[in-house]
Amino acid sequence: MASSLRDLQLTQVAGDGGRIFAGKDSDELEDVRLLDSYEDDNSFNRIEAGMRRVQVGVSGMTCAACSNSVEAALKSVNGILMASVALLQNKADVVFDPMLVKDEDIKNAIEDAGFEAEILPEPSTFGTKPHGTLLGQFTIGGMTCAACVNSVEGILRNLHGVKKAVVALATSLGEVEYDPTMISKDDIVNAIEDAGFEASLVQSSEQDKIILGVTGIYNEMDVQLLEGILSHFKGVRQFRFERISKEVEVVFDPEVVSSRSLVDGIEGESNGTFKLNVKSPYARMTSKDVEEASKMFQLFTSSLFLSIPVFLIRVVCPHIPLVYSLLLWRCGPFQMGDWLKWALVSLVQFVVGKRFYIAAARALRNGSTNMDVLVALGTSASYFYSVYALLYGAVTGFWSPTYFETSAMLITFVLLGKYLECLAKGKTSDAIKKLVELAPATAMLLVKDKGGKCIGEREIDALLIQPGDTLKVLPGAKVPADGVVVWGSSYVNESMVTGESIPVLKEANSLVIGGTINLHGALHLQATKVGGDAVLSQIISLVETAQMSKAPIQKFADFVASIFVPTVVAMALLTLLGWYIAGALGAYPERWLPENGNYFVFALMFSISVVVIACPCALGLATPTAVMVATGVGANNGVLIKGGDALERAQKIKYVIFDKTGTLTQGKATVTTARVFVGMDLGEFLRLVASAEASSEHPLAKAIVEYARHFHFFDEPSAIKDAENNSKESISGWLFDVSEFYALPGRGVHCFINGKRVVVGNRKLITESGMAIPTDVENFVVELEESARTGILVAYDNSLIGVLGVADPLKREAAVVVEGLGKMGVRTVMVTGDNWRTARAVAKEVGIQDVRAEVMPAGKADVVRSFQKDGSIVAMVGDGINDSPALAAADVGMAIGAGTDIAIEAADYVLMRNNLEDVITAIDISRKTFARIRLNYMFAMGYNVVAIPIAAGVFFPSLGIMLPPWAAGACMALSSVSVVCSSLLLRRYKKPRLTTILEITVE
C-alpha cells in the first residue's frame, strides 16, 4: 500500500472538522425535511455539539457474548460516551469526544479485545453541505503594509456568515472562520478581490473521503503514475492505494476540490489511462457479506471433503474385505486406518477448525465465553482422547475405541450451520439492499456554457452529482437525485419510496425524489439534495440505524449469553463425573459400554454431547434477526421504524391520539359558505375579507383568498392560473391596500382598509374587539359548527357584516381506521385546537368518543401525559409540524405525511404515505414481530431445555436414547439456522385487510 503523501490539517473548529451538531428550535420545525437529523428519544441519536459519531466494522464476532465483549471494551475507553454493537451487521456505532479519543484508539480497543476493526466511511457524504463553521486558509496577494492587513481584516469581518478573520502580512495568508450555509468560499474570494487584492483558497478544515475503483492499472509504473497525480493534486490530503482490490481511498478538501473534479482531473492527467468509478459504501458492505458466506462455504466443503473418508473408514470400509484388510495393515505402532484417520482429522481440527481456537482464545483472554469455546472444548476432548487412546494402546497393548470421526463430523456440521446462518442473515438485510438498488448507477448530466446554454450531455457516476447540476431523465429511467423539474412533463412512479401506488404528475417546479421511476415523458431536473441529504439516503440511514438498535427484550438474551457457556461447561463436568462415578460404583451394567470401551469413555461421550449440543447463538439471534426483517418489511410498506425499542412499545399501545387538521382531515381547507348580514354586495364582501387575509400564512386565510379570487375571476382562467402560481401581480390588481396588519395566533387577523378597522377571526377575537354578536349571526355560526365546519366572523368599521363557513374534508379512510383500531383493542382520542362544536361534529363523523378541543400545541403534550398516568402506552399521530411536543411526549410518536417535507425529529414512526391505514399497519407489524420474537425465544430456550438432558443421557437408562456427539453438533448447528429462518418468515408479511379486522363479509 502506498503511504499517504500528504497530511495537511488545520486546527479543527468545534470538534469534528468543524461540524457542529445542534438541535433545531421548535419554531423552525416547519423547515425540517424528512429525516433531517434523525433524532428521537433514543439518546444514541442525540449528538452533543463537538461530539463525533462513527461506525466501525468488526469481524470475528460469532455470538451475543462476542458483541457484549466488544461493547464492554469500547465503553471502558475514556472519552467514549456511547457504544452499541450489532452482531448481525458486524458493526459498532460509537459516539465519542474527539478531543479525548481518536479513530485509532477505537480501533485499538476493539483489536485489544481480540477482534478485527475497520473505521467505516460515512455513506454518501460527498456532495453534501458541511454543517457548522469551517476554517479556511486563503492566499492574499497585493498587501504591502499593516494598513492593507487591517483593510482586508475589516472587509472579512463585516461579511455576513464570517465569525473570525486573521490576516498575516509576512506569509500573505488569511485564516477565516465562516459558516458555509451562509457564505461560500467564492464569496470570500470575491470580497477580497473587490477590495483590490488577489485571493484564492488554499485549504479548509472540512474533510471528505471517497473510495474509487481504478481500471487501467497493470504494473508498478501505473501505480506510481496514479500516486504522482494524487500527490500533486490540489485539495488532496491523503490517499491509499490497495493493490489487491485496485481501489484508492482519497481524503480531500471539498472546499478546494469537488469529488467530480477529482475524478475528472485524475482521468484527464492520466491521458485516459485510468478509468475511475465511485465505490458505494453500501455496495462494499454487501460484498463483504458475500465474501464471508463464500469463505464459510469453502471451510465447510474442505471439512466435508476431509471428513467423508473418515466416516467411510469407520462405517463402510469394515464391510468391504479387501479395503478393510488394507486398513488393518500395521504400519509402525499403529494400523494404516488409524494413521489415515489421524492425518485427515488433524487437518480438520487444526487447519479448517483453526477459527474456533482463535475465537475461543480471544474470548477467554477477555474473560468472556462464547459458542467457539464450546466447539473448541468438545472437539478437542474428542480429538485428544482419541490420540491418547492410540498412544495408550501402542504402549500397553490395550486398544480402546477412537472417536476421530466425532471431532471431524462435529466441525463439519458446525461449519454447515454457520454457512446456512450467513445465508439466512444475509436475507434479513435484503431491505437495505433493495433500497440501495433503487438509486441508479449513472446519470445524464447536461453540460452548459457560462451563459447557461446547454452545449452537450455526458454520462456520469450518480454518486458524483452535485447540487445545482441539470440532469436529463429519459422515459423508463430512474430519477438520479432529489431535485426540481425545470423542463418537461411526465408521470413518476414514487411507490418504492413513498408507498403510493398511483403515478404522480410532474411538471415544471415539481419536486422529484431520487430512486423513483420516470414513466412517460423526458424531464430535465435541477439537483437540490444529493449524497447524505437525499431522501433515499436518509431512509437507508434510518432503516440501517433502526436495525442496529437493540430492543429492550434483547437484554434478557444478553444476560443469558453471559452465563450460558460457564453453566453448560459445569453441566458437562457434572455429566462426566456422574456417569463415571455411577459406573465405577456399578450403578449400571457393563453391557451399556461400547466395545473395548470403559466407564470414562462412556461418560466422556455424554459430556462432549452436552458441550456441543448447547447453543447460545439461537438465543442471541432471536431478537435482532426479527427486528431487522421487521424494519425492512416496514420500509417496503411505507412505514419507517426508528428502532427496536419503538417497535417493542408499539405492540402494547392502548390509546391512539389523533390530531384533527391534516391527520384525520385532508388538511385542505375550503370555503363552503359565505353569508353577508348587511347590505354589502357579496363580491365586495369577499374582496374586503381577501384583502385582510392576503398577508396571513394561515391555511384558512389562504382558503379564503383562493375562494374570493375564484369568485372574482371565474370567467378568466388565466387569472386563476396566475393565482395558482401565487403570482403577486394577480393579487395586487384587485385587492384593497391594507395598513397596520397583524395576525393574532389562534384568533384571527386585524388591519385597516380605507382608514377603517377590519377584524376577521373567531368569536373570541370579535368579543375582545368590543363588538357584540347578533343572535341571527350566532345561530348561523352554531349551525356551521354542528355540521363540522368552522365559522369565521368578519367585522368592518366596528360592526359585524358577515360570516364564512370553512370545511376541511375528512380523509375517506378515517372512520374505517378508527373502527378498525377499536376492533384491535385500541382506544382512539381526538385532540384539536378547534372549537368544541366543530370538534364534536368531526369526532362523531369518524366514530371517536373521547374528544379534547381548544387545545394549543403545547397543551397537546399535557393531554398525552394525562393518558400515561396509569401506565398505559400512548401513541400520538400528527403531521409532525405543530404536533412535535405531543409526538415527543408520547410513548410512540407517529408522524404522518407525504414523506418529503414533514418534521419527524420527535417521532418514532414515520408513515410515508398520507394514509391513516398505515397506523394499523405500524401496530400490526409490531405485534406480529414480537409474537415471532417470543416464538423464537420459546424455541431457543425449549431447544436447550430438551436437548441438554437428552445429550446428558437422562433418558438412556429408561428409553435407551443416546445422542452421539456428531449428531449433537448437527442439532446445535441447525438450531440457530431455524431461529433465523423463523424470523425470515416475517418477510411474507401482508398488510392487514380492513375487511378482516372489521369482520366484514364480502359477498
Side-chain angles (χ1 to χ4, degrees), residues 30-36 127 438-440 443-446 448 452 454 457 462 465-531 533-539 638 662 666-670 697 699 702-703 706 709-710 717-730 879-881 896-904 910-915:
E30 293 192 30
D31 296 324
V32 182
R33 52 173 173 63
L34 173 66
L35 315 179
D36 196 345
L438 288 178
M444 192 63 71
L445 175 70
L446 296 178
K448 297 183 177 182
C454 183
E457 55 186 50
I465 297 170
Q466 298 169 356
D469 284 347
T470 303
L471 307 168
K472 182 180 180 180
V473 188
L474 296 171
K478 290 180 178 178
V479 176
D482 293 4
V484 180
V485 176
V486 293
W487 176 87
S489 173
S490 180
Y491 280 89
V492 173
N493 180 4
E494 298 184 339
S495 61
M496 61 290 299
V497 177
T498 65
E500 290 286 359
S501 57
I502 301 171
V504 182
L505 176 64
K506 300 294 180 182
E507 298 176 305
N509 299 322
S510 297
L511 296 174
V512 289
I513 304 171
T516 54
I517 298 174
N518 180 28
L519 297 179
H520 304 301
L523 294 173
H524 290 181
L525 65 96
Q526 187 175 50
T528 55
K529 295 172 186 173
V530 299
D533 282 342
V535 168
L536 187 59
S537 293
Q538 293 177 62
I539 292 173
Q666 294 176 14
K668 297 173 183 176
T670 54
E697 291 298 315
K702 291 180 179 179
E706 186 58 40
R709 184 186 289 118
H710 183 71
S718 59
I720 297 172
K721 188 172 180 181
D722 286 340
E724 288 172 353
N725 292 325
N726 294 319
S727 169
K728 294 293 181 186
E729 288 76 17
S730 67
D879 57 14
I881 299 171
I896 186 169
T900 55
D901 57 356
I902 55 174
I904 55 117
V910 182
L911 310 181
M912 297 288 285
R913 301 188 307 156
N914 199 4
N915 193 316

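Rounded to the nearest 0.5 angstrom, Leu445 CG and Thr470 OG1 are separated by 7.5 Å. For the atom pair OH of Tyr491 and CG of Leu519, the computed distance is 10.5 Å after rounding to the nearest 0.5 Å. Atoms CD1 and CG, on Ile513 and Leu536 in that order, are 9.0 Å from each other to the nearest 0.5 Å. Taken from CG in Leu505 to NE2 in His520, the straight-line distance is 10.0 Å, to the nearest 0.5 Å.
Scored by the side chain to side chain contact (heavy atoms under 4.5 Å, CB included) test, Ala508 finds no partners at all (sequence neighbours excluded). Listed by chain and residue number, Arg260 satisfy the side chain to side chain donor-acceptor pair (under 3.5 Å) test with Asp469 (two or more places apart in sequence, or in another chain). In this structure Ser490 satisfies the side chain to side chain donor-acceptor pair (under 3.5 Å) test together with Asn518, sequence neighbours excluded. For the side chain to side chain contact (heavy atoms under 4.5 Å, CB included) test, residues two or more places apart in sequence or in another chain that qualify with Lys472 are Met444, Leu446, Glu457, Leu474, His524. Taking the side chain to side chain contact (heavy atoms under 4.5 Å, CB included) definition, one finds that Gln526 meets it with Val486, sequence neighbours left out. Partners of Lys702 according to the salt bridge (Lys or Arg N to Asp or Glu O under 4.0 Å) rule, which considers only residues two or more places apart in sequence or in another chain, are Glu697.
Screening residues 473-489 for salt bridge (Lys or Arg N to Asp or Glu O under 4.0 Å), with sequence neighbours left out, gives no hits. Screening residues 504-519 for salt bridge (Lys or Arg N to Asp or Glu O under 4.0 Å) gives Glu494-Lys506 as the qualifying pairs, with residues at least two apart or on separate chains.
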Next on the checklist: Applying side-chain contact (heavy atoms from CB on, under 4.5 Å) to Val484 and Leu525, what does each step give before you reach the verdict?
Outcome noted: CA-CA 5 Å; Val484 180; Leu525 65 96; over 6 Å; no
Checklist entry - Under the side-chain contact (heavy atoms from CB on, under 4.5 Å) criterion, do Asn493 and Thr516 qualify, and how do the steps go? => result CA-CA 6 Å; Asn493 180 4; Thr516 54; over 6 Å; no
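Within the 4.5 Å cutoff, the side chain of Pro480 has heavy atoms near those of the Val473 side chain. Between Val512 and Val485 the shortest side-chain heavy-atom distance falls below 4.5 Å.
The two residues Ala527 and Ile465 have their closest heavy-atom pair at CB-CG2, 3.8 Å. The two residues Ile517 and Gly476 come nearest to each other via the heavy atoms CG2-O, 4.1 Å. In terms of heavy-atom proximity, Pro440 sits nearest to Ala462 at O-CB, 3.1 Å.
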